[in-house]
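Each remark here refers to the structure printed beneath this line.
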Amino acid sequence: MKFDPASQIQDLHQFGEFGDVNPSVCDSATFTFMQAKSMVDTFHGEAEGCFLYSRHWNPSNKYLADAMAAMEGTEAGWVTGSGMGAITTTILHLIKCGDHIVSSITTYGGTFAFLANYLKKFNVEVSFVDITDLNAVEAAIRPNTRLIYTETMTNPLLQISDIPALAAIANKNNIKLVVDNTFTPMIVAPARLGAHVVVYSLTKFVNGKNDCVAGAICASHDFINSMIDVNDGTAMLLGPVLDPFRSSSILKNIHTLHIRMKQHSHNAAYLAEKFTAAGLRTIYPGLPSHPGHNLLKSMMNAQFGFGGMIAIDLETAEKASALMEDMEANDVGYLAVSLGYFKTLFSNSGKSTSSEVPEELQRKMGLSEGLVRYSVGLDNDIERSWLKIENSLKKVGIHK
Ligand SMILES: *Cc1c(COP(=O)(O)O)cnc(C)c1O
């Protein structure tokens, strides 16, 4: 039996104190105790089920964190005010000044900027490697390396990370493998494949409504507890916690995530075939021609497809802009950054979400200036959407 994250979520026994099927929002910053000793025990992390202060734990956040942990098959989770909050807090918790990190060269632009620019403050060096080249990963490891960082499906080139192999390299060197699974919720459960920490931007597919930013960290009890330790926990002391109202609204959306992922994948697979047939260089992990196709197949949970992200290469930024403007005018979707929304979103990666990556490096990693990234929406009739896209391609002279 394959791991089924949707059933894990379905089986959660979460309801409110009045039997309310959607647990009531706990809009309290602090919590009262009947006995002074319970408060002391809670401070020391010893009182199970007691809440102390909402920067540490809040019941609404706990429900969402438990749902994320269930989906990932980890012992525990913790929810943050943004995906960057989850990523930076996790990395800062794992390193000290003078340490070294090995990271995929293709990552989310904000993550790249944090690793390449911000961590310089702490004299932390980062080696950026082609994450699909396991020899290069291994060769980059130094005595002071603390972690390997990657994304299951990297942004924006949609490379696939070999998580079991990367976990083996990490374990051999006694370091951590941290994986951002934002593009592939349900589809892949990295912790079950050996990742030590899984980080998320919930802003994208998991919430799926584009009405907030949020993030999550999924890991062992020990790791989450050390992050929220009142004395030296990075999450507790930097305070990137999610608001409980948001936790409550995201929790409701998680229960439809499996249906949405199937539809995103179905629609993306349809468009990827059409783009390929139209003669465009098309990057989609569901295409057998994608170099990571078989690897992703070997790692994925059943039934959720290959995801909702596609990239096509129009070679020049001018052609990319013309196409995107025409598609927006014809209601294909919106010219916008971000992903995982119910409507299709498209953007030119090099000029937007990867603009933090210097242009020279963009070329080196194979990011063409004409790369258009699609987050394919939940369109009920994807053939109809394709006909609109085809029209736009013809209008801007890309397709005969
Ligand atoms: C958007 C995104 C992030 C950052 O998340 P925010 O919620 O915007 O802070 C991190 N990683 C990936 C892969 C993303 O797409």
Side-chain angles (χ1 to χ4, degrees), residues 61 64 68 72 77-92 101 103-118 128 131 149-161 163 178-188 190 195 197-218 235 238-243 246-247 249-250 253-254 257 261 264 268 283 285 292 296 307-311 334 336-341 345-350 352-357 365 367 371 373-376:
N61 291 0
L64 178 60
M68 288 301 299
E72 292 305 309
W78 201 77
V79 290
T80 56
S82 71
M84 285 309 295
I87 293 163
T88 56
T89 310
T90 298
I91 293 173
L92 289 173
I101 294 172
S103 171
S104 168
I105 189 170
T106 55
T107 59
Y108 177 71
T111 307
F112 178 83
F114 177 74
L115 293 169
N117 309 330
Y118 196 89
F128 292 99
I131 205 71
Y149 186 91
T150 192
E151 296 169 357
T152 308
M153 186 184 285
T154 69
N155 181 52
L157 292 173
L158 314 182
Q159 288 176 311
I160 305 300
S161 296
I163 294 164
V178 180
V179 178
D180 180 335
N181 201 41
T182 300
F183 280 28
T184 44
M186 295 278 161
I187 298 170
V188 178
V197 186
V198 181
V199 288
Y200 262 99
S201 168
L202 303 182
T203 313
K204 317 297 170 54
F205 289 105
V206 173
N207 184 48
K209 304 295 182 290
N210 246 296
D211 52 3
C212 68
V213 291
I217 304 162
C218 299
L238 299 190
V241 69
L242 183 60
D243 183 86
R246 276 306 174 191
S247 283
S249 71
I250 297 168
N253 292 334
I254 274 200
L257 178 60
M261 289 316 293
H264 284 300
I283 307 175
L296 179 55
M309 304 302 294
I310 305 180
Y334 297 134
V337 297
S338 200
L339 53 121
Y341 188 42
L345 302 177
F346 34 82
S347 57
N348 178 338
S349 300
S352 56
T353 52
S354 291
S355 60
E356 295 91 337
V357 182
M365 66 196 225
L367 203 169
L371 196 84
R373 188 190 75 178
Y374 286 79
S375 166
V376 182

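Each ligand, and each atom within it, is numbered from 1 in the order the structure gives. All values derive from a computational prediction rather than experimental measurement.
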For [X], check side-chain hydrogen bond (donor to acceptor under 3.5 Å, both in side chains) against everything at least two apart and list the hits.
{"X": "D211", "result": "N207"}
{"X": "T150", "result": "S161"}
{"X": "S247", "result": "N61"}

Under the 3.5 angstrom rule, does the side chain of E151 hit a backbone N or O of V179 as a donor-acceptor pair?
-> no

With ring centroids as reference points, do F183 and F205 lie under 6.0 angstrom apart?
-> no

Y334 atom OH: more than 12 heavy-atom contacts under 6.0 Å | no

Counting only non-hydrogen atoms and a 4.0 Å cut-off, the residues near ligand 1 are S82, G83, M84, I87, Y108, E151, D180, T182, F183, S201, T203, K204, A214, L339

